[in-house]
*Asks:* 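Have a look at this one.
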2 protein chains.
Amino acid sequence: METKAPKKKIQTMAELAREAGVSASTASRALRNSPLISKETIERVQSVAKEHSYRPHLGARNLRLKKNNVIVLILPFNYAEEDVLGNPYIFKIVGTIGSKLREIGYDLLLSQMDDISEEIDDRYVHAGIAEGAIILGRGDNDTAKLKRLEETGIPFVILGPILDNQTYCSVGIDNKSSGCMAVHHLAKLGRKRIAIVSDNREDPNAESYARFQGYKQALDELGYPFDPDLVGPSTHSGKSGYDAVQHLLKTAPDLDAIFVATSDVVAISVMQALRNAGKHVPDDVAIVGFDNIDMCNFVSPSLTSISQRLKDEVAHLLVEKLLDQINGKQVESVMLNGSLVVRRSCGSQTDYPLRV
Amino acid sequence: METKAPKKKIQTMAELAREAGVSASTASRALRNSPLISKETIERVQSVAKEHSYRPHLGARNLRLKKNNVIVLILPFNYAEEDVLGNPYIFKIVGTIGSKLREIGYDLLLSQMDDISEEIDDRYVHAGIAEGAIILGRGDNDTAKLKRLEETGIPFVILGPILDNQTYCSVGIDNKSSGCMAVHHLAKLGRKRIAIVSDNREDPNAESYARFQGYKQALDELGYPFDPDLVGPSTHSGKSGYDAVQHLLKTAPDLDAIFVATSDVVAISVMQALRNAGKHVPDDVAIVGFDNIDMCNFVSPSLTSISQRLKDEVAHLLVEKLLDQINGKQVESVMLNGSLVVRRSCGSQTDYPLRV
DNA sequence: TACGCCAATGCAATCGATTGCATTGCATAA
DNA sequence: TTATGCAATGCAATCGATTGCATTGGCGTA
């Protein structure tokens with residue numbers, strides 16, 4: 001038998017110190033390889049620590065160092081009710097953020113909150129639980145709340161577009177130009193009656209608002225008239241895509257393309273509704289979705305979509321910007337361009353290679 | 001103007017106490033409505049606290065109380081590479097667990113780990129960061145690791161089936177009987193050549209193993225012979241469903257049903273592959289998936305699937321069992337029955353009402 | 001008046017790791 | 001021999017909230 005069997009666990013620095021015949025301060029320094037401590041002592045302490053599988057109590061360390069290596073990730077609840085958690089796009093971002101944080105030694109606390117509010121400060125940052133927050137999404141009425149959050153002075157970043165007069169940091173894609181791109185692509189295919197499915201919020205903060213503006217701008221550039229009959233309302237739930245199609249087929253039965261600005265999940269449901277109504281995709285109606293989730297490759301027909309390049313850039317930037325703030329640096333918001341991934345729902349003839 | 005504007009924030013108990021003209025101990029007790037403190041003092045302290053928007057430093061409290069109201073949720077990485085995070089089933093569970101925990105005042109730390117190991121203890125529980133762990137999934141080689149984790153004595157529960165000789169607590173569905181149910185349903189539709197798509201691991205710990213056993217048992221009960229040509233290999237990625245169909249159409253071109261035991265995501269990709277191969281679902285081939293994700297309603301044809309009743313029962317039970325352990329109670333593992341949700345991929349004629 | 005009791009409050013230790021400021025002891029220079 | 005320097009280590013305070021045990025003062029009773 002080796003000395004592999006760990007003896008009874010040493011729980012505290014003091015116990016470790018006693019076992020190694022030194023004081024707690026020396027033990028502490030030894031574990032951290034302080035140059036103040038002699039080589040022999042360092043080795044002895046570390047080997048005793050290993051032998052008894054001692055691990056420091058991070059709670060205590062954090063208190064002393066006023067540090068904690070945790071960031072909190074906020075999923076706004078109003079958003080959640082519309083099934084953020086069922087939205088693979090958000091989930092992927094969460095996972096990627098988690099990996100990035102782990103690489104740099106941070107942990108991730110996941111919190112669903114009714115509102116973006118000072119609670120983030122009270123409950124997490126000021127409370128010494130987390131050092132900053134990443135907020136995934138922003139609702140209609142959040143401007144004032146974000147203002148107050150900003151006044152608390154805690155580090156945070158938000159996933160979303162840059163708004164006018166915004167003084168905090170956000171990372172998002174350019175929804176307007178992305179919407180514009182989708183419509184231009186459909187027009188290039190020869191489509192004349194291009195509908196939009198959107199949750200169509202009036203709030204300029206909303207992503208959907210910017211995508212809708214992009215839709216309008218493209219129509220304008222193309223010389224197409226804007227027709228309210230071509231607007232189908234949706235929420236973020238899958239079912240709402242189905243309902244939007246019922247609506248559109250009444251108000252504009254001659255439509256030949258739909259830009260589903262809400263999400264791919266909704267777009268997939270839109271395609272199903274069209275099929276049930278006897279419409280063929282893409283021959284009768286071409287479809288463009290938003291988010292470019294993996295599933296786009298696996299539905300029939302495969303779904304053309306706008307990629308937010310989420311895995312690498314968005315998650316990476318969110319983390320980077322937040323950490324810069326925590327370390328006292330000034331940061332600027334970022335707006336990324338979306339990109340169009342063309343698949344069968346727009347008439348492309350192949351499904352492979354997969355485009356992810 | 002009301003006295004609404006909070007004065008400069010009071011950061012510590014000591015400052016609060018000074019401001020209210022009492023000692024720190026009295027202030028602490030007053031905030032917690034201790035019967036030791038007079039009504040007047042309680043009111044005064046609390047109003048001063050409110051006025052200066054004082055919040056306790058939870059890190060300090062946790063250290064003192066040896067408590068932290070955090071549980072850590074482990075996403076095994078080997079699993080993650082196969083895209084757990086793209087799997088809506090897992091994400092939903094994460095969200096539901098988060099909500100449950102929040103209701104009872106706990107926070108959720110999300111951790112992706114390469115391995116289930118003592119690191120959970122070292123880094124989280126022993127370190128005073130979390131009180132226990134919920135582990136989402138278990139791989140082939142985890143038995144020994146779970147044994148060691150158990151020896152650390154930390155509270156944990158795992159999502160998965162109950163294994164022979166298992167001494168820790170798990171919550172999962174009865175994969176074997178679920179697989180059995182799927183096949184019996186397909187047989188009842190008159191299908192004779194029922195294939196299975198599975199990641200087909202030999203490890204009895206694997207969910208897929210149990211589902212495969214269920215498949216075999218059903219064939220047995222039906223008097224159908226087991227035919228290796230009817231087994232299509234897959235991983236958890238969407239693409240693998242596509243590949244499995246290519247394989248099956250060579251080895252068993254006469255198949256008339258597929259039980260996609262891996263997941264709905266794979267099943268959706270299976271359906272696309274069949275369509276591309278000129279096969280009609282359900283007329284030529286009937287399909288049953290596994291997980292019953294929302295998307296089942298929105299693909300064409302809508303997908304029959306086995307529901308793990310995840311939102312309410314599984315997440316709820318995981319949390320409950322873990323908290324019981326934290327509070328020193330004995331707990332027993334649970335095995336839930338799956339249930340079949342029939343949709344068009346098995347010939348059902350309607351998509352509505354949605355079955356979620 | 002003296003004593004005891006109890007409600008209300010404060011003091012100081014505690015949780016466990018870290019660190020500024022001594023202190024020790026040994027070696028080298030004056 | 002005494003002074004000086006420095007490497008190595010220990011003491012005690014600190015982070016902020018909590019709590020066992022003392023202390024205070026006011027009231028009732030003998």
Side-chain angles (χ1 to χ4, degrees), chain A residues 9-46 48-49 52-70 121-131, chain B residues 9-46 48-49 52-70 121-131:
Chain A
K9 268 207 176 181
I10 282 186
Q11 302 283 343
T12 72
M13 196 87 260
E15 283 171 42
L16 171 64
R18 190 174 336 120
E19 194 74 23
V22 294
S23 72
S25 20
T26 299
S28 171
R29 286 189 259 249
L31 287 182
R32 309 180 129 243
N33 291 308
S34 161
L36 288 176
I37 306 297
S38 70
K39 279 208 166 28
E40 304 80 53
T41 308
I42 289 185
E43 272 169 29
R44 180 159 37 90
V45 172
Q46 292 192 354
V48 172
H52 296 261
S53 52
Y54 164 81
R55 298 289 152 154
H57 188 284
L58 298 180
R61 169 185 293 170
N62 292 342
L63 177 61
R64 176 64 223 247
L65 299 182
K66 294 178 176 245
K67 244 266 177 195
N68 54 54
N69 281 41
V70 171
D121 184 35
D122 292 343
R123 184 167 165 76
Y124 297 112
V125 183
H126 176 75
I129 298 296
E131 296 177 14
Chain B
K9 267 205 177 181
I10 283 185
Q11 302 283 344
T12 71
M13 197 87 258
E15 284 172 43
L16 171 64
R18 191 174 336 120
E19 193 74 21
V22 293
S23 72
S25 20
T26 300
S28 172
R29 285 189 259 247
L31 288 181
R32 308 180 130 244
N33 291 307
S34 160
L36 288 176
I37 307 297
S38 69
K39 278 207 165 30
E40 304 80 53
T41 307
I42 288 185
E43 274 170 27
R44 181 158 38 90
V45 171
Q46 292 192 352
V48 172
H52 295 261
S53 52
Y54 164 81
R55 297 290 152 152
H57 188 285
L58 298 180
R61 168 185 296 172
N62 291 343
L63 177 59
R64 178 62 225 247
L65 300 182
K66 294 177 176 245
K67 243 264 175 196
N68 54 53
N69 282 43
V70 171
D121 184 34
D122 292 341
R123 186 167 164 76
Y124 297 113
V125 183
H126 176 75
I129 298 295
E131 297 176 13

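Because the structure is a prediction, the values reported are computed rather than measured. Chain letters run A, B, ... following the sequence lines, proteins first, then strands; residues in each count from 1.
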*Asks:* Within the structure, does a side-chain N or O atom of B/Arg64 lie under 4.0 Å from either OP1 or OP2 of C/dT14?
*Replies:* no
*Asks:* How many whole angstroms separate atom NE2 of B/His126 from atom P of C/dG16?
*Replies:* 9 Å
*Asks:* Under 4.0 angstrom, heavy atoms only, what part of the nucleic acid is A/Arg29 near: base, sugar-phosphate, or nothing?
*Replies:* base
*Asks:* Please confirm whether the shortest side-chain N or O distance from A/Thr41 to OP1 or OP2 of D/dT9 is below 4.0 Å.
*Replies:* yes
*Asks:* Whole-Å distance between C/dT23 P and A/Leu36 CG?
*Replies:* 17 Å
*Asks:* I need the minimum non-hydrogen distance between B/Arg123 and A/Leu58, along with the two atoms involved.
*Replies:* O-CD1, 3.7 Å
*Asks:* What's A/Leu58 touching, base or sugar-phosphate or nothing? Going by heavy atoms closer than 4.0 Å.
*Replies:* nothing
*Asks:* Looking only at side-chain atoms of B/Leu63, point me to the closest of D/dT18, C/dG10, C/dC15.
*Replies:* C/dC15
*Asks:* C/dA17, OP1 or OP2 - any side-chain N/O from A/Tyr54 closer than 4.0 Å?
*Replies:* yes
*Asks:* Between A/Ser23 and B/Ser28, which residue's closest nucleotide on DNA chain D lies nearer the 5′ terminus?
*Replies:* A/Ser23
*Asks:* Within this structure, what is the CD-to-C1' distance between A/Glu40 and D/dT9, rounded to whole angstrom?
*Replies:* 13 Å
*Asks:* Using only modelled atom types and a 3.5 angstrom limit, is any donor from either the side chain of B/Ser25 or the base of C/dC11 paired with an acceptor on the other?
*Replies:* yes
*Asks:* Where each residue is assigned the nucleotide of DNA chain C containing its nearest heavy atom, which of B/Lys39 and B/Leu65 is assigned the position nearer the 5′ end?
*Replies:* B/Lys39
*Asks:* To the nearest angstrom, how far is B/Met13 atom CE from D/dT14 atom C1'?
*Replies:* 18 Å
*Asks:* Atom CZ of A/Arg61 and atom C1' of C/dG16: how far apart are they, to the nearest Å?
*Replies:* 11 Å
*Asks:* Check the phosphate of D/dG16 against B/Thr12, side-chain N and O only, distance under 4.0 Å to OP1 or OP2. Yes or no?
*Replies:* no
*Asks:* How long is the span from the CD1 atom in B/Ile129 to the CG atom in A/Asn68, to the nearest 0.5 Å?
*Replies:* 8.0 Å
*Asks:* Over how many whole Å does the gap from A/Asn33 atom CG to D/dA8 atom C1' extend?
*Replies:* 16 Å
*Asks:* Report the C-alpha distance between B/Ile42 and B/Asn33 in whole Å, list the side-chain angles of each, state the deciding distance to 0.1 Å, and finish with yes or no for side chain to side chain contact (heavy atoms under 4.5 Å, CB included).
*Replies:* CA-CA 7 Å; B/Ile42 288 185; B/Asn33 291 307; 3.6 Å; yes
*Asks:* Would you indicate, yes or no, if D/dT18 has its OP1 or OP2 atom less than 4.0 angstrom from a side-chain nitrogen or oxygen of B/Lys67?
*Replies:* no
*Asks:* Report the C-alpha distance between A/Gln11 and B/His126 in whole Å, list the side-chain angles of each, state the deciding distance to 0.1 Å, and finish with yes or no for side chain to side chain donor-acceptor pair (under 3.5 Å).
*Replies:* CA-CA 8 Å; A/Gln11 302 283 343; B/His126 176 75; 3.2 Å; yes
*Asks:* D/dG16 C1' sits how many Å from B/Gln11 CD, rounded?
*Replies:* 11 Å
*Asks:* Looking at every strand, decide which applies to A/Ser38 at a 4.0 Å heavy-atom threshold: base, sugar-phosphate, or nothing.
*Replies:* sugar-phosphate
*Asks:* So does A/Thr26 get a side-chain nitrogen or oxygen closer than 4.0 Å to the phosphate oxygens (OP1/OP2) of D/dG10?
*Replies:* yes
*Asks:* Quick check: closest heavy atoms across B/Leu31 and B/Tyr54, and the distance to 0.1 Å?
*Replies:* CD1-CE2, 3.6 Å
*Asks:* Show your working on side chain to side chain donor-acceptor pair (under 3.5 Å) between A/Ser25 and A/Ser28 and close with a plain yes or no.
*Replies:* CA-CA 5 Å; A/Ser25 20; A/Ser28 171; over 6 Å; no
*Asks:* Can you see if the side chain of B/Lys66 gets near the phosphate of C/dT14 - specifically, an N or O under 4.0 Å from OP1 or OP2?
*Replies:* no
*Asks:* Just how far, in rounded Å, is P of C/dA8 from CZ of B/Arg44?
*Replies:* 13 Å
